[in-house]
Amino acid sequence: MSYLDELNAQQKEAVTTTEGPVLVIAGAGSGKTRVIEYRVAHLLKQGVSPRSILLLTFTRKAAGEMLRRASRHDASAEHVDGGTFHSFAFKMLRRYGERIGLSGSLSVLDEGDAEEAVHRSAASLGLYDPVNPAKAGRGTSKEGRFPKKDTLRSVISASLNKGLDISSILMKDYPHFLHLADDIARVGKRYAAYKREKGYMDYDDLLLFLRELLMDKETLAQLSEQYRYVMVDEYQDTNVLQGDIAYLLGKKNQNVMAVGDDAQSIYGFRGATHENIMNFPKRFPNTTIIKLEENYRSTQEILNVANAVLSDMDNKYAKKLHSAKKEGGGRPHFVCFEQPYREAEWIARKIKEFYDEGVSLSRQAVLFRSSHVSIPLQAELAKRIIPFQVFGGVKFYETAHAKDVMAHLKILLNPRDELAWNRVLMLIPGIGPKTGGRLIAEIIRSVSEGRSPAGVLSSYAKQSRDGREIEKLASFLEASFGKPLPPSEQFALAFSYYEPLLWERFDDWHKRLNDLQTLQQVSSRYASLQEFLGDFVIEPPSFHQAGMLSRPEERPLTLSTIHSAKGLEWDVVFFLGLSEGVLPSNFSMNREDEIEEERRLFYVGVTRAKRNLYLLANFGAGRGGEGAREPSRFVTSSRVLLELNQFGLSPSSYRDSEDEDEESVEYDDDGIGAVRKRKIKD
DNA sequence: CAGACGACATTTTTT
DNA sequence: ATGTCGTCTG
């Protein structure tokens with residue numbers, strides 16, 4: 001039993017308590033990945049079949065990593081079922097969907113498609129018509145318009161995910177639309193009907209339908225029989241639906257382990273509710289609660305800051321982190337700059353310094369609340385040819401070129417997918433909304449009579465004046481439609497049809513061409529088109545927008561949003577944008593609970609660092625010439641400030657320092673840029 | 001009816 | 001600075 005000796009007492013308890021409900025409150029860096037890894041291994045050693053274990057995590061990468069590690073102890077760990085709630089739902093719905101009336105191929109809508117579908121639903125109800133009672137007010141002011149598709153989509157989605165009605169959501173987030181609650185609710189209903197009719201599912205439906213499926217007694221019995229042990233990671237970021245799903249899956253056997261940290265709950269905007277983690281012991285009455293407080297990640301100096309943030313929170317599962325590490329990288333620094341570009345220069349130089357001392361780029365990271373604050377730094381890094389990789393922000397799978405190619409594959413899988421057809425046809429010169437709509441109607445009719453869509457297109461090509469482009473599309477379909485080719489070959493056919501359109505459409509086609517080649521390689525890992533397309537939406541490829549990868553042999557520096565940095569760690573962390581309006585974000589200033597979520601974001605960011613942590617802020621002009629901001633309240637909180645070394649300009653002295661740009665900047669022994677160095681008094 | 005052009009508003013985090 | 005919506009022209 002030697003492998004258990006590598007764990008501390010609490011970890012060991014979490015690993016060996018295999019029967020009955022367990023709630024593990026795992027502080028940041030307390031080895032929760034290790035607990036899951038060892039618990040899987042332990043179950044297997046006890047003779048539990050890997051197929052009866054289900055591991056639900058936040059990303060597929062996380063699941064894969066834990067199972068990979070577990071398989072070092074027991075190779076059969078590879079056969080454990082693992083993934084996100086959404087991917088698990090997709091799998092179950094493919095298998096058992098017809099039990100709740102889902103039939104045919106399942107097309108999962110990404111965010112953009114979902115918005116388009118909402119738009120169509122609202123339009124079909126006449127809500128965007130100019131002669132609308134809602135427009136009575138003057139002109140285009142806020143009152144006068146029906147909400148736009150993205151607003152509609154997020155209201156409807158929030159209503160489902162939080163289990164509240166439309167008015168409650170509007171009251172909180174969009175009070176100026178409150179009077180339209182009934183119309184929006186109608187859009188929601190129409191949208192749901194539209195999806196049912198067309199065989200579409202959006203992200204919410206995956207969870208909604210899985211819960212529905214689990215309400216079916218027979219299915220639930222069957223799945224309870226199969227999955228005897230259920231583990232849910234990042235439980236603090238689950239929403240009501242996911243909480244219900246976990247409950248249903250565990251009801252029969254009661255062998256559910258939820259792992260989470262209420263202090264790291266940062267997905268409230270998506271409907272996640274910390275009530276889930278608070279109520280777990282109520283839903284599962286005999287829950288064993290285990291707290292992991294020993295931190296194996298960070299130095300004590302960093303943990304002092306983290307603990308100060310914790311004590312500013314009113315979290316219910318009180319905890320304090322203790323460091324198990326000895327040596328430190330010194331106290332974390334708080335450094336202020338007058339101008340964004342100065343900050344960027346300083347960071348780039350600092351990164352280089354660490355690099356020269358032997359800290360490779362892949363062990364350093366820059367974190368931020370929202371992507372745009374990293375743009376000056378990206379420019380600076382590019383200038384210095386420091387390779388970096390950006391996580392979060394613009395997602396690859398949402399870029400136009402990726403969606404274009406994928407639309408061509410979607411019509412092969414599901415020729416009645418009108419949203420995909422629309423995308424495909426609109427690329428062709430001479431076809432606009434009207435012609436497109438007519439053709440789509442004809443294609444769908446033709447397909448349901450069992451004929452190929454290519455016929456409709458070539459007969460249209462013959463009667464139109466310039467049908468060459470449409471003819472090409474028709475021959476692409478003839479080569480691929482209904483043919484049992486592997487996904488990578490279908491991708492190749494779509495790609496070669498699309499490539500000329502790519503040149504036409506984008507000036508930067510070269511870069512985009514590269515993306516698509518990578519995507520083609522991804523496609524070759526799949527055996528079926530349905531899985532490839534499903535994963536593309538549910539588990540997007542992990543190559544995000546890559547920045548300057550000019551030295552591909554070197555693992556690059558990471559730039560990431562805090563949300564995308566969850567669960568990760570680096571030796572050196574630069575934390576950008578610690579000023580009022582950025583963190584906490586301007587959009588979150590209204591409500592106390594939103595401020596609290598921002599504070600948890602701060603906590604998550606701080607606890608990513610192992611040795612060196614730099615908290616940074618600049619007070620230069622942002623967009624619109626508005627730059628008068630103060631340091632983040634999270635930093636200036638007295639308890640936190642006590643644990644920091646503080647450098648740079650205070651915002652009040654910045655105001656009248658316009659002419660001091662040329663003042664030479666000095667660096668002290670720490671290498672900290674100190675225009676005016678000021679140590680706080682305690 | 002398609003597509004270009006201009007006015008206007010908006011600007012976070014993600015499965 | 002960007003994307004979305006509406007209008008005008010060919």
Side-chain angles (χ1 to χ4, degrees), chain A residues 56-62 83-90 108-112 114-116 119 123 128 130 139-142 144-151 153-154 157-158 160-161 173 201-208 210 234 237-239 241-242 265-272 367-375 391-398 400 425-426 428-438 464-466 534-540 544 560-566 577 581-589 594 597-598 600-601 604-605 622-626:
Chain A
L56 295 172
T57 57
F58 203 70
T59 63
R60 194 230 313 257
K61 215 169 89 186
T84 62
F85 276 91
H86 289 85
S87 67
F88 178 65
F90 186 52
V108 184
L109 300 180
D110 63 37
E111 205 53 43
E115 281 172 14
E116 180 61 28
H119 185 80
Y128 285 116
T140 55
S141 76
K142 283 193 175 91
R145 265 238 155 274
F146 198 66
K148 284 190 300 197
K149 57 185 178 185
D150 52 335
T151 311
R153 158 84 183 132
S154 73
S157 173
L160 283 171
N161 280 303
D173 292 332
M201 286 189 297
D202 63 16
Y203 290 123
D204 302 332
D205 292 330
L206 287 166
L207 301 180
L208 217 50
L210 175 59
E234 308 283 9
D237 286 322
T238 55
N239 64 22
L241 289 170
Q242 292 165 319
S265 165
I266 54 174
Y267 280 86
F269 69 93
R270 207 174 76 186
L367 305 182
F368 33 82
R369 170 73 172 90
S370 53
S371 299
H372 72 266
V373 305
S374 72
I375 288 169
F391 290 86
V394 192
K395 277 133 281 168
F396 169 70
Y397 64 97
E398 281 175 359
L425 293 176
M426 293 307 229
I428 297 172
I431 298 185
K434 288 286 175 198
T435 316
R438 260 208 320 272
S464 77
R465 276 184 298 113
D466 182 17
D535 270 11
F536 187 69
V537 178
I538 300 165
E539 307 264 9
H544 297 240
S560 174
T561 60
I562 305 163
H563 286 89
S564 299
K566 185 155 96 151
V582 180
L583 186 74
S585 149
N586 272 327
F587 304 98
S588 312
M589 298 284 200
E594 290 180 349
E597 179 148 319
E598 300 286 306
R600 293 192 291 269
L601 274 167
V604 170
R623 289 160 305 176
E626 180 54 52

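Letters go in sequence order (proteins before strands), and every chain restarts at 1. Computation of the quantities below employed the complete heavy-atom set of this structure, encompassing side-chain atoms and omitting hydrogens, waters and symmetry-equivalent molecules.
For A/Y267, taking side-chain heavy atoms from C-beta onward, the closest of the listed nucleotides B/dT14, B/dT15, B/dC1 is B/dT14. Counting only heavy atoms from C-beta on, A/R369 has its side chain closest to B/dT13 among B/dT14, B/dA2, B/dT13. Residue A/S585 has its side chain nearest to B/dT12 when only B/dA2, B/dT12, B/dT14 are considered. Closest approach to the A/S370 side chain among B/dT14, B/dT15, B/dT12 is made by B/dT12 (side chain taken as heavy atoms from C-beta onward).
For A/R270 and B/dT15, the CZ to P distance is 6 Å, given to the nearest whole Å. Here the P atom of nucleotide B/dT15 and the NZ atom of A/K566 are 10 Å apart, to the nearest Å. Atom CZ in A/F85 sits roughly 15 Å away from atom P in B/dT15 (whole-Å rounding). In this structure, A/D205 places its CG atom 18 Å from P of B/dT15, rounding to the nearest Å. In this structure, A/Y203 places its OH atom 7 Å from P of B/dT15, rounding to the nearest Å. Taking atom CZ on A/F58 and atom P on B/dT14, their separation rounds to 9 Å, with Å as the unit. When rounded to the nearest whole Å, the span between CG of A/N161 and C1' of B/dT13 equals 15 Å. As rounded to whole Å, 12 Å separates atom C1' of B/dA9 from atom CG of A/D150.
Using a 4.5 Å heavy-atom threshold, the side chains of A/F368 and A/T561 count as touching. Between A/M426 and A/P433 the shortest side-chain heavy-atom distance falls below 4.5 Å. Between A/L241 and A/L208, some side-chain heavy-atom pair lies under the 4.5 Å cut-off. The shortest distance between side-chain heavy atoms of A/E598 and A/L583 falls below 4.5 Å.
A salt bridge is defined here as a Lys NZ or Arg NE, NH1 or NH2 lying under 4.0 Å from an Asp or Glu carboxylate O, and A/D204 with A/R153 meets this definition.
Base contact: A/E111 has a heavy atom under 4.0 Å from a base atom. Using a 4.0 Å heavy-atom distance criterion, A/I562 is classed as making no nucleic acid contact.
Under the 30°/60° scheme for interplanar angles, the aromatic rings of A/H563 and A/Y267 are found to stand perpendicular.
For the OP1/OP2 pair of B/dA2 and a distance below 4.0 Å, the side-chain nitrogens and oxygens of A/T435 include at least one atom meeting the criterion. When the side-chain nitrogen and oxygen atoms of A/R438 are compared with OP1 and OP2 of B/dC1, one or more of them lie within a distance under 4.0 Å. The side chain of A/S564 places an N or O atom within less than 4.0 Å of a non-bridging phosphate oxygen (OP1 or OP2) of B/dT14. Remark: A/T561 is in phosphate contact with B/dT14, judged by side-chain N or O atoms under 4.0 Å from OP1 or OP2.
Look at the P atom in both C/dT4 and B/dT13: the space between them is 15 Å, to the nearest Å.
Judged by closest nucleotide on DNA chain B, A/K148 is the one of A/S371 and A/K148 placed further toward the 5' end. Ranked by how close their nearest DNA chain B nucleotide is to the 5' end, A/I431 and A/E598 are led by A/I431.
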